[in-house]
> 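Dropping the structure in here first, questions after.
Everything numeric here is computed off the predicted structure, so don't read it as measured data. Each ligand, and each atom within it, is numbered from 1 in the order the structure gives.
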Amino acid sequence: MAVERTLSIIKPDATRRNLTGAVNARLEAAGLRIVAQRRIRLTRAQAEGFYAVHRARPFFDGLCAFMTSGPVVVQVLEGENAVARNREVMGATDPAKAAPGTIRKDFAESIEANSAHGSDSADNAAVEIAYFFSGLDIVG
Ligand code: CMP
């Protein structure tokens with residue numbers, strides 16, 4: 001299995017409830033290494049750019065409003081099979097459908113305020129990492 005990197009975002013519902021450390025503990029316990037991390041407040045343009053693939057979706061405006069409603073923590077995770085591993089630890093997008101013990105099952109408030117984002121493929125991970133980080137920011 002290859003060592004991969006993936007982009008993770010701890011969302012505003014989680015930072016508001018002071019859950020950054022709790023989420024990070026879940027990631028690290030799953031064998032993922034946080035090799036870059038920054039707490040930022042997204043602008044509307046930055047949120048729209050990040051979620052551009054969802055622009056035509058009915059939830060797009062609400063999603064961008066939510067993602068700019070408070071600080072987020074953007075991070076690069078590294079590990080064996082990191083893209084899939086992170087998605088397992090996060091659980092399903094809708095917390096009502098997420099498996100017990102996952103971040104979204106235990107922490108998410110709703111399908112929109114679902115505490116964490118993770119890249120859905122290695123190709124998208126490369127694009128999403130480059131959206132927030134330069135190579136110099138990532139210390140493996
Ligand atoms: P994320 O992994 O960040 O990728 C896109 C986000 O859109 C997703 O998590 C959810 O927060 C949000 N999303 C997806 N489907 C819906 C939906 N039906 N209603 C509201 N938000 C959604």
> Tell me whether R87 reaches ligand 1 (any heavy atom closer than 4.0 angstrom to a ligand atom).
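For ligand 1, residue contact (heavy atoms, under 4.0 Å) with R87 is absent.
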> So, do F133 and R5 sit near enough that their side-chain heavy atoms are less than 4.5 Å apart?
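SC-SC contact between F133 and R5 ruled out.
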> Using a strict cut-off of 4.0 Å, indicate which atoms of ligand 1 neighbour a heavy atom of H54.
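Every atom of ligand 1 under 4.0 Å from some heavy atom of H54: 5 (C).
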> Select one of side chain, backbone, both or neither to describe which atoms of I111 lie under 4.0 Å from any atom of ligand 1, heavy atoms only.
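Both the backbone and the side chain of I111 come within reach of ligand 1.
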> Given 3.5 Å as the limit, does a donor-acceptor pair link the side chain of R26 with the main chain of A22, or not?
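A pair under 3.5 Å: no.
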> Donor-acceptor pairs under 3.5 Å, side chain of residues 84-93 to any protein atom, not counting sequence neighbours: which ones?
{"unit_1": "R85", "atom_1": "NH1", "unit_2": "A30", "atom_2": "O", "d": "2.7"}
{"unit_1": "R87", "atom_1": "NH1", "unit_2": "G118", "atom_2": "O", "d": "3.2"}

> Using heavy atoms and a threshold below 4.0 Å, how should the contact between R57 and ligand 1 be classified: side chain, backbone, both, or neither?
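The answer is neither; R57 stays 4.0 Å or more away.
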> Report the relative orientation of the aromatic rings in F50 and F132; use parallel for angles under 30°, tilted for 30 to 60°, perpendicular for over 60°.
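If you compare the ring of F50 with that of F132, the planes turn out tilted.
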> Side chain, backbone, both or neither: which applies to M90 and ligand 1 if a contact is any heavy-atom pair less than 4.0 Å apart?
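For M90, no heavy atom sits under 4.0 Å from ligand 1.
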> Show me the donor-acceptor pairs, under 3.5 Å and distance only, between side chains in residues 59-77 and residues at least two apart or in other chains.
{"unit_1": "D61", "atom_1": "OD1", "unit_2": "R44", "atom_2": "NH2", "d": "3.1"}
{"unit_1": "T68", "atom_1": "OG1", "unit_2": "C64", "atom_2": "O", "d": "3.0"}
{"unit_1": "T68", "atom_1": "OG1", "unit_2": "A65", "atom_2": "O", "d": "3.1"}
{"unit_1": "S69", "atom_1": "OG", "unit_2": "F66", "atom_2": "O", "d": "2.6"}
{"unit_1": "Q75", "atom_1": "OE1", "unit_2": "S8", "atom_2": "OG", "d": "3.0"}
{"unit_1": "Q75", "atom_1": "NE2", "unit_2": "N24", "atom_2": "OD1", "d": "3.1"}
{"unit_1": "Q75", "atom_1": "NE2", "unit_2": "Q37", "atom_2": "OE1", "d": "2.7"}

> Could you find the nearest protein heavy atom to atom 9 (O) of ligand 1 and give me its residue, atom name and distance?
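Among all protein heavy atoms, the one nearest atom 9 (O) of ligand 1 is K11 NZ, 3.1 Å.
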> Where the closest heavy atom to atom 16 (C) of ligand 1 is concerned, which of Y51, F50, F59 has it?
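Going through Y51, F50, F59 one by one, F59 has the nearest heavy atom to atom 16 (C) of ligand 1.
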> Can Y131 and L7 be said to form a side-chain contact (heavy atoms from CB on, under 4.5 Å), step by step?
CA-CA 10 Å; Y131 194 79; L7 191 278; over 6 Å; no
> For atom 2 (O) of ligand 1, find the nearest protein heavy atom and state the residue, atom name and distance (0.1 Å precision).
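Checking every protein heavy atom, the shortest distance to atom 2 (O) of ligand 1 gives H117 ND1, 3.1 Å.
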> Within the structure provided, determine whether I103 and L27 are in side-chain contact (heavy-atom separation under 4.5 Å).
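SC-SC contact between I103 and L27 confirmed.
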> Nearest to atom 6 (C) of ligand 1, what protein heavy atom do you find, and at what distance?
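Going by distance alone, atom 6 (C) of ligand 1 is nearest to L63 CD2, 3.7 Å.
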